[in-house]
Structure formats: C-alpha cells, structure tokens
Amino acid sequence: MKYKVLHTVKLCPSHLEVDGNRIAEAGGETSFLTDLYRRLGLDYPKFFKMDILSKVGFLASEFLLEQEGGERFVPRDDRAVLLFNRYSSMHADQTFQETIAHPEDFYPKPSVFVYTLPNIVTGEIAIRNKYHGESNFILLPEYSEQAMDQAIERAFLAPGTSSLLTGWLEALSEKEFEASCSLITVH
Amino acid sequence: MIVRKIGENIISPLGFSVAENFAAVMDGRSALQHYDHLWGLPFPCFVSLLPDDILDKAFTQEVDQACLPKKPCTRFEKITLLSATKALQSTSLDPSSPRVMFILSSTKGNVSLLADAHPDIERVTPVHTAQLLARYFGNPNMPIVVSNACISGLCAQIEAYRCLQSGQFDAAVVVGADVLSPFIVSGFQSLKALSDEQCHPFSSVRKGLNLGEAAATVVYAVGDDNAEGWQMLAGAMANDANHISGPSRTGEGSYRALMSVLQSAALTVEDLACLNVHGTSTLYNDEMEAVAIHRAGLAGVPVNALKGYYGHTLGAAGILETLLTMHAVEQGVVPATRGYEENGVTMTLSLSSSSVKISKTAFVKLLSGFGGCNAAAAFTNDACRR
Amino acid sequence: MELTEELKTKMIEVLNLEEMTPADIADEAPLFGEEGLGLDSIDVLELIVLLERNYGIKITDPKAGKEIFASVRTMADYVAANRTK
C-alpha cells in the first residue's frame with residue numbers, strides 16, 4: 001500500500017533515533033526512559049504511573065509528534081493509533097502475578113492490573129493528544145512488515161482516518177524494549 | 001462488497017452451539033453462580049464457569065487429537081479449538097486455503113500459566129494459541145490476535161470485515177475466547193468492579209459486573225448479492241481520550257463509534273430492531289452508554305444487554321453477543337435484559353426485563369473497554385424481513 | 001515518625017509520585033482535583049490497598065473513600081481511629 005512516512009522514531013535500551021538521526025544515548029546511573037522524559041521537559045506526572053510498555057510507547061509518540069510540530073492537544077478524530085507486538089503486556093502481567101502469588105501477602109495491585117492489557121498504551125497516547133480516532137493493538141507471532149502493512153491498509157479503510165501513529169512496540173523489562181514507530185498519512 | 005456470515009458457534013456453560021445458547025437465553029437461564037472462596041481467593045464472587053468434564057468430553061470428541069502437539073492443551077486452547085472446529089463444521093469453507101485468515105480475540109489468553117513455578121512465557125502469549133489454531137487447520141497465513149480489552153470481539157470482526165473489503169482475503173475465521181483464573185478475577189476485584197451477586201444492568205441497584213467464560217466463533221466470507229443471511233454492514237472504533245480505566249461521562253467514544261457506523265451502514269433509527277449494548281452493570285459503564293445512545297438520538301430503539309446470562313466473557317463477548325442478537329432478530333424478538341430492575345441511569349433507555357417482539361432486521365452492537373476504547377458494528381439480514 | 005509523614009512516604013511510593021518528596025505535600029492539601037495532588041480513581045483504589053496492607057483497615061465502598069482521602073490529615077485521623085495493626 002502507498003502511504004507517506006512523515007516521521008520515524010526508534011527507541012531501544014541503548015539509544016534514541018528520530019528520523020534516522022541518533023539524538024540520545026543511554027548512559028549514567030538513572031533510567032534511560034526517565035532521562036528521555038526529562039529531556040522532553042514535560043510536566044506530565046502520569047508518566048511515572050505508567051508500566052514500561054506505556055512509558056516506551058508514550059516517549060516514542062512524544063518524539064514523533066515533537067517533529068511533526070503544528071498545533072497539538074486539539075481534539076481530533078482523523079488520526080488512529082495502531083500498535084503491534086508479540087508479547088502483549090507481559091511485563092505488567094508478571095508484575096501483577098507477583099502481587100497475587102503469596103496467599104499470606106495477597107494484595108492485588110489495581111494500578112498494575114489496569115496495565116495488563118496491551119491497548120492501554122494506545123489509550124495513554126489518545127488521552128495525551130486528545131485523539132478520538134481509532135485505537136487498536138494487534139499481536140503478531142513475529143515482527144512482520146507484511147502483516148503490519150496489511151493491518152495499516154485495513155486501518156485506512158476507516159472513513160475518518162487520514163493518518164496513523166503506528167509501529168512495533170515491545171517492552172519486556174527496563175532493559176529490554178524496542179519501539180519502531182512512525183507517523184504516516186495516505187496523502 | 002457483501003460480507004456475509006457463513007459459520008458460527010458458541011461454547012459456554014449454557015451450551016455448545018448458538019442454537020442451544022439462544023434457547024437457554026430465551027428460557028431465562030444463567031450459569032452465573034455464587035462462590036465463597038473460588039480457587040481459595042479471599043473474597044466471594046459471582047461468576048460463570050465452564051465445567052472441565054463437559055469441556056474435555058466435547059474436546060476429545062470433536063477436535064482431532066492426532067493433529068495437536070503432544071503437550072496437553074490448556075482450557076483456553078481447548079475452548080478456542082473446539083469453538084472454531086464446530087463453527088467450521090457447518091461450512092464448506094476450506095480453512096487451509098491461503099485466501100482464509102484466522103483472527104483471535106482474547107484479552108488474557110493463557111495468563112494463568114504465569115502461576116507455574118517455571119512459566120512457559122511463549123505459551124502464555126495469545127499469539128501462541130493463534131498459531132496453534134491456524135496450524136491445526138493447516139492454514140498457511142500468519143494469524144493475528146486483536147487485543148483491545150473488552151472491545152476485542154468487535155474489533156476482531158471489524159478486522160475481518162476489512163480483510164474482505166480490501167481484497168486481502170476471501171474469508172476470515174474470527175474466534176473470541178477467554179477463561180477465568182485467579183489473575184483475572186482478583187484483578188477485577190482490585191478495581192472494585194465486581195459484584196458478588198447477580199449483576200443488574202442499567203438498574204439502580206447495580207453494583208458491579210460478573211465475569212464469565214466462553215468462546216465464540218463467527219466465519220465471514222465474501223458473499224454474492226443474491227444469497228440470504230446475515231451481513232456485516234459496517235464497524236467503527238473510537239477513543240474517549242479521557243481515562244485509561246474510567247469511561248467518558250459524555251460517552252464520547254461510544255457516541256462517535258455509533259454515529260460512524262450508522263452513517264457508513266446508511267441506517268437510521270427507523271431501521272434498527274435493537275441495540276445490543278455492553279451493559280456490564282458497573283456504575284460508570286451503563287451510565288456512559290445511556291448518555292451515548294441518547295446523544296445519538298436512539299433512545300427509542302429497544303436496548304438489551306446479555307451480561308445477566310453469561311457475565312462479561314471478555315474476549316468472547318463481542319462475538320457471543322453478536323451471534324445471539326442475530327438469532328434473536330431472526331426470531332423477531334429482543335431477549336429480556338436478565339437482572340434489569342428499576343432504571344438506574346439518568347437517561348432512560350428502552351430496556352425490558354421480559355422479551356419484546358420486533359419486526360425490523362438490522363441491529364447495532366456496542367462495546368466499550370479499558371484504554372478508553374469503544375466499538376460499534378452494524379448487521380442486517382434482509383431474508384428475515386417477512 | 002509522625003503518622004502524617006509516614007503516610008506521605010508510603011503514598012509517594014505506591015502512587016509513583018516520582019518527582020515529589022513528603023515536604024511537597026501539605027497535611028491539609030486536597031489530594032484530588034486540580035489544586036491538589038490531582039489523584040484519580042485508580043489512586044483511590046491504591047490508597048485503599050495501602051490502608052488494608054499497612055493498618056488492617058478494610059474499605060469496601062470506594063465512595064466512602066472520597067471523604068477519608070480528602071487530605072493527608074483526614075487520612076491520618078481515620079487511620080488513627082480505625083487501625084488494627
């Protein structure tokens with residue numbers, strides 16, 4: 001399918017690339033994800049409540065949308081969020097399981113349970129940017145350009161959708177994550 | 001292009017076919033039960049569970065064990081395979097064709113395996129089960145799993161619809177399934193979303209939802225204009241952009257999805273036999289849906305919710321509830337909203353605790369879920385216009 | 001440690017208030033709404049778990065929680081009166 005790539009972002013534990021340029025390297029004592037959040041200069045304390053999948057997806061989306069420029073935070077429904085991965089919300093699942101594993105200390109954590117769904121990150125991005133368009137999370141058995149292209153083609157069949165924030169988003173731990181996302185449009 | 005239903009199945013504690021399930025609903029039966037300490041959990045709950053012995057018997061009878069891996073299947077894998085098998089039995093579709101796509105809808109798949117001492121992480125992922133399913137039927141395509149919380153079952157049907165519309169495939173097998181486990185039940189409990197009594201959709205006494213187990217399958221294929229039966233007309237999703245676990249007070253996403261579907265399907269209030277809604281019986285969901293329906297000008301259309309029979313069946317709900325509503329509309333009836341008592345939402349809907357006769361032939365299915373997601377889809381059956 | 005200070009420390013931990021210290025939270029400051037800490041419905045549920053786990057207090061109705069969790073002061077008063085551990 002023919003679509004135009006507006007901007008791309010790649011985020012992994014060692015570095016961040018925006019539109020093919022390496023703009024940040026991991027280093028130092030603090031978490032790379034927290035460093036990137038501070039680099040953005042945001043006042044968005046909700047970030048610290050997110051699970052790792054959402055943090056990685058949130059940061060990837062922020063760096064993409066920073067590149068796009070223009071007016072942000074105006075309600076719109078022409079942009080859909082469509083993300084993919086293989087392991088779903090595995091890290092949050094394992095964290096929540098830990099809170100129910102011991103009968104003598106059984107305190108299931110609500111703030112962890114809400115993140116045991118992969119599509120929560122699409123919601124976080126929609127909330128931040130006031131996107132009322134489609135939000136969708138698809139799990140694939142492996143990273144597959146073909147399968148993602150097909151899903152992108154389907155997403156553009158929605159009558160109101162003219163651009164997509166889309167890509168692969170996997171986060172298994174603070175040290176194992178990958179976001180490879182882009183902003184694309186049909187025009 | 002016409003997207004037509006050519007196969008269907010429901011596996012639930014109320015039956016192993018759509019017909020059995022529909023009969024149970026019309027009889028007012030439910031499998032929801034009270035448990036003081038289900039699986040040793042330190043709180044009571046009211047859920048619907050599929051007994052192992054009944055599931056195992058059907059599974060060994062219907063599913064070709066020789067085509068399965070040596071490791072015994074989990075309950076989740078069993079209901080998924082069983083439902084797809086039974087749905088495909090009634091069709092002439094060759095599921096091994098490269099023109100057929102398999103789509104799984106599940107929220108938590110095999111998550112209960114995480115309680116094992118050394119969990120098989122690969123097997124926990126829902127894609128593992130999707131591959132098991134596609135391989136069992138000899139299908140060469142990479143299957144996908146739609147994981148969009150409670151709206152997954154409608155999103156999966158929307159993906160199927162678009163697979164056919166775009167010409168990517170000629171048919172899609174859409175299976176929705178979830179089984180309950182301490183993980184899911186204690187999670188919903190931690191959100192204070194569960195009622196330990198029968199749920200009461202849209203009622204003043206409602207205090208939370210019930211959870212249930214089920215699998216449901218719908219098979220869609222490109223149809224010709226002259227054939228009869230159910231068509232999927234349109235589907236849409238929209239986000240509230242409000243909160244990850246609380247629905248929008250203005251019903252924003254639900255309203256937008258609903259309006260989009262009515263427009264795409266060219267349906268008006270006069271065409272609709274009913275709205276089959278989410279109706280979980282939580283304080284906020286039901287209020288939100290009532291607001292969205294009023295905003296869309298559909299307050300006069302008969303509304304029903306099926307959670308009082310099955311509980312919330314998570315990844316299966318969108319498919320199970322769509323199939324039962326198709327059967328109901330075919331019979332010219334909107335089933336009673338089991339558990340509905342005195343209205344408890346600020347904007348009154350046309351709900352009823354007994355079944356209502358109808359004569360129209362199109363309906364809209366609504367769902368909403370965590371992550372602020374909402375979905376709507378429209379269906380019609382011209383053949384039942386008599 | 002005073003109960004109010006103890007609660008603030010625990011709150012910062014369970015609510016992931018990463019950029020705050022106990023000194024940033026006034027005893028009387030509203031925990032909800034724009035002027036206060038801006039806590040939301042999931043935070044209330046976490047505070048309920050906090051009280052149960054640390055002080056043996058069970059709150060079944062999240063709505064009742066709204067009054068208890070108005071400020072750190074109201075929370076401390078409630079804990080002092082109802083704690084079982």
Side-chain angles (χ1 to χ4, degrees), chain A residues 1 54 75 77 80-81 84 86-90 93-94 96-97 99-101 103 106-142 144 146-147 150-151 153-155 157-160 172, chain B residues 40-42 104 107-109 111 114-115 119 121 124-128 130-131 142-149 151-152 155 158-159 161-163 165-166 168 182-183 186-192 234-245 252-253 256 260 263-264 369-373:
Chain A
M1 181 186 179
S54 290
D77 57 11
V81 181
F84 306 89
R86 171 181 165 79
Y87 289 97
S88 183
S89 52
M90 185 64 75
D93 293 1
Q94 289 169 321
F96 182 73
Q97 176 63 33
T99 72
I100 60 166
F106 180 90
Y107 293 102
K109 246 181 115 55
S111 62
V112 177
F113 185 69
V114 292
Y115 285 100
T116 63
L117 292 163
N119 67 302
I120 298 301
V121 58
T122 65
E124 293 282 16
I125 295 170
I127 292 165
R128 165 79 176 152
N129 298 290
K130 298 192 165 59
Y131 290 166
H132 289 293
E134 296 202 342
S135 56
N136 197 359
F137 206 109
I138 293 179
L139 311 178
L140 299 173
E142 62 191 40
S144 160
Q146 192 200 347
Q150 285 185 337
E153 182 185 6
R154 296 195 294 268
L157 289 182
L172 290 170
Chain B
L41 293 171
L104 179 62
T107 63
K108 293 311 315 156
V111 76
L114 281 181
I121 297 299
V124 172
T125 63
V127 290
H128 184 278
Q131 282 183 300
M142 180 185 283
I144 64 168
V145 180
V146 176
S147 195
N148 261 330
I151 73 165
S152 301
C155 294
I158 294 170
E159 287 293 328
Y161 177 83
R162 294 178 186 169
C163 277
Q165 287 283 329
S166 62
Q168 291 174 356
F183 184 108
S186 55
F188 275 92
Q189 175 72 14
S190 79
L191 296 179
K192 310 259 183 227
M237 301 174 240
N239 201 290
D240 286 335
N242 175 58
H243 191 268
I244 54 169
S245 67
E252 203 55 43
R256 286 171 186 252
S260 167
Q263 194 177 16
S264 298
F370 288 154
C373 55

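What you see below is based on every heavy atom in this structure, not just the backbone, and it leaves out hydrogens, waters and symmetry mates. By convention in this document, chain letters (A, B, ...) are assigned in the order of the sequence lines, proteins followed by strands, and residues within each chain are numbered from 1. Small disclaimer: the values here were computed from a predicted structure and weren't measured.
Contact count versus chain A (heavy atoms, under 4.5 Å) is highest, among B:S147, B:A238, B:S260, for B:S147. Ranked by heavy-atom pairs under 4.5 Å with chain A, the list B:A236, B:A241, B:A115, B:P42 is led by B:A241. Among A:V114, A:I125, A:T99, the residue with the largest count of heavy-atom pairs under 4.5 Å with chain B is A:V114. Each of B:Q131, B:Q189, B:H128 has some count of heavy-atom pairs under 4.5 Å with chain A, and the biggest count is that of B:Q131. For the set A:I120, A:T122, A:N136, the entry with the most heavy-atom pairs within less than 4.5 Å of chain B is A:N136. Ranked by heavy-atom pairs under 4.5 Å with chain B, the list A:A101, A:G160, A:P75, A:A158 is led by A:A158. Residue with the most contacts toward chain B among A:R128, A:E124, A:K109: A:E124 (heavy-atom pairs, distance under 4.5 Å). Residue with the most contacts toward chain A among B:C163, B:S245, B:G235, B:G109: B:C163 (heavy-atom pairs, distance under 4.5 Å).
Only the side chain of A:I100 comes within less than 4.5 Å of a heavy atom in chain B; its backbone stays farther off. If you measure heavy-atom distances from A:Q146 to chain B, you find no contacts under 4.5 Å at all. Proximity to chain A (any heavy atom under 4.5 Å) is shown, for B:Y161, by neither the backbone nor the side chain. Heavy atoms closer than 4.5 Å to chain A are found in the backbone of B:D240, but not in its side chain. Of the atoms belonging to B:Q263, not a single heavy atom falls under 4.5 Å from chain A. Looking at A:F106, the atoms closer than 4.5 Å to chain B (heavy atoms on both sides) all sit in the side chain, from C-beta outward. Proximity to chain A (any heavy atom under 4.5 Å) is restricted, for B:S264, to the side chain, taken from C-beta onward. Neither the backbone nor the side chain of B:P119 has a heavy atom closer than 4.5 Å to any heavy atom of chain A. Looking at A:P159, the atoms closer than 4.5 Å to chain B (heavy atoms on both sides) all sit in the side chain, from C-beta outward. Residue B:A130 does not touch chain A at all, counting heavy-atom pairs closer than 4.5 Å.
A:Y115 has its side chain within reach of B:I244: a pair of non-hydrogen atoms, C-beta onward, lies under 4.5 Å apart. With contacts defined as side-chain heavy-atom distances shorter than 4.5 Å, the pair A:I127/B:N242 does not qualify. A heavy-atom distance below 4.5 Å is found between the side chains of A:E142 and B:M142. Side chains of B:I121 and A:Q94 form a contact here, defined as non-hydrogen atoms less than 4.5 Å apart. By the 4.5 Å heavy-atom criterion applied to side chains, A:E134 and B:N239 are not counted as neighbours. Side-chain contact between A:L157 and B:S166 is present, with heavy atoms from C-beta onward closer than 4.5 Å.
Note that OG1 of B:T125 and OH of A:Y87 are 7.0 Å apart. Values are rounded to the nearest 0.5 Å. Between B:M237 atom CE and A:S135 atom OG the span is 8.0 Å, to the nearest 0.5 Å. Atom CD of A:Q150 sits about 10.5 Å away from atom CD of B:E159, to the nearest 0.5 Å.
Scored by the ring-ring contact (aromatic ring centres under 6.0 Å, His included) test, A:F96 finds A:F113, B:F183 as partners (sequence neighbours excluded). In this structure, the side-chain hydrogen bond (donor to acceptor under 3.5 Å, both in side chains) partners of B:E252, at least two apart in sequence or on a different chain, are B:T250, B:R256, B:R295.
Formation of a donor-acceptor pair under 3.5 Å by the A:N119 side chain with backbone atoms of B:F370 is found in this model. A donor-acceptor pair under 3.5 Å links the side-chain atoms of B:K108 to the main chain of A:T116, judged by distance alone.
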Inset, instruction - Go through A:L140 and B:I144 one step at a time and tell me if the side chain to side chain contact (heavy atoms under 4.5 Å, CB included) criterion holds. - result: CA-CA 5 Å; A:L140 299 173; B:I144 64 168; 3.4 Å; yes
